Amino acid sequence: MHDADRLRAQDAPDFEHLLDRALRSEEIREAVRRTDGALNAEQLRTRALQARATLVATAVPEYRDYLQLRAAAAEARPSSPTVPATAAASGLLPALGVLVPALSATAAVLFLVLGLGLRALGLPSGFADELVGAGLTAAGVAAATTSAGLLWMLIAAARNRSAAGADGPGEAGTPLAEAYEAWQQALLERGVLPFLLGLLDDPGRTREPFGD
């Protein structure tokens, strides 16, 4: 198989999910029962993973179409002009999100303890009131910055999920999604299922039933 047609690292999980789906299919489960467990599902999975390159070669035309459409979709997406600022903020905001609430909470506790302690001792109330007020203000800052930090974490997580799915098959019904499904179907019908059934028919097979 040409290097350009080899399975991309990012598509390896798709191959494994397809393999697991095939192993759970009634056709394979029935074949396992029929052969009285000569090979179990885990043994079949291990052999299929070892033969991954050969199995992927059975669906090269469909995989090539999928890769071309995925590359075209990636080129069509507008690039963000604020990547440097975003990268800088991604390093600064988490640090501030931890540091500011911690310092504010510490200051709130200290001011409140001192202010309430002075009140309890009956010392001049003006200074004690200022300490209590400062403590309440610091507590408010701690609460606000904690909430802001949690909100930022949720936004960052949503952006990460979007970025992770950017190179995926896309929405159903799109050419990219259809190319992905065509690749998966071809890989299943021409590669994975025949390979698994061939192993079950001949458990001692040591070579894949496909050419390189």
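All of these numbers come straight from a predicted model, not from anything done at the bench.
In this structure, Y66 and Y63 have tilted ring planes: the angle between them lies in the 30° to 60° band.
Between R47 and L199, the closest heavy-atom pair is NH1-CD2, 3.5 Å. For the residue pair L55 and A48, the shortest heavy atom distance occurs at CD1-O, 3.7 Å. Nearest heavy atoms, L112 versus G135: CG-CA, 3.9 Å. Pairing each heavy atom of E62 with each of A186, the nearest pair is CD-CB, 3.6 Å. Scanning all heavy atoms of the two residues, the minimum distance from A12 to L7 falls at CA-CD2, 3.8 Å. The two residues V141 and S104 have their closest heavy-atom pair at CG1-OG, 3.3 Å.
In this structure, L23 CG and L44 CG are separated by 6.0 Å, a value rounded to the nearest 0.5 Å. L188 contributes atom CG, which lies 10.5 Å from atom CZ of F15 (distance to the nearest 0.5 angstrom). Taking CG of L200 as the start and CG of D36 as the end, the distance is 12.0 Å to the nearest 0.5 Å. Between the CG atom in D20 and the CZ atom in R45 there is a gap of 4.5 Å [rounded to 0.5 Å]. Atom CG of residue L196 and atom CG of residue D201 lie 11.0 Å apart, to the nearest 0.5 angstrom. Taking CG of L187 as the reference point, atom CG of L193 lies at 9.5 Å (rounded to 0.5 Å).
In this structure, L197 and I28 have side chains that are in contact, with non-hydrogen atoms separated by less than 4.5 Å. Put simply, the side chain of D11 does not reach to within 4.5 Å of the side chain of V56, judged on heavy atoms. V192 places none of its side-chain heavy atoms less than 4.5 Å from the side chain of T58. Residues D14 and Y180 are in side-chain contact: their nearest non-hydrogen atoms beyond the backbone lie under 4.5 Å apart.
A donor-acceptor contact shorter than 3.5 Å links the side chain of R8 to the backbone of R6. With E75 contributing its side chain and A72 its backbone, the two residues share no donor-acceptor pair below 3.5 Å.
Salt-bridge annotation for R52 and E16: absent, with no side-chain N of the basic residue lying under 4.0 Å from a carboxylate O of the acidic one. A salt bridge is defined here as a Lys NZ or Arg NE, NH1 or NH2 lying under 4.0 Å from an Asp or Glu carboxylate O, and E30 with R33 meets this definition.
The hydrophobic cluster containing F195 also contains L49, counting ILVMFWY residues as joined when their side-chain heavy atoms lie under 4.5 angstrom apart, directly or transitively.
Taking E27 as the reference, nothing meets the side-chain hydrogen bond (donor to acceptor under 3.5 Å, both in side chains) condition, with sequence neighbours excluded. In terms of the salt bridge (charged side-chain N to carboxylate O under 4.0 Å, His left out) criterion, R24 has no residue partners (sequence neighbours excluded).
There is no side-chain donor-acceptor pair under 3.5 Å between Q185 and E181.
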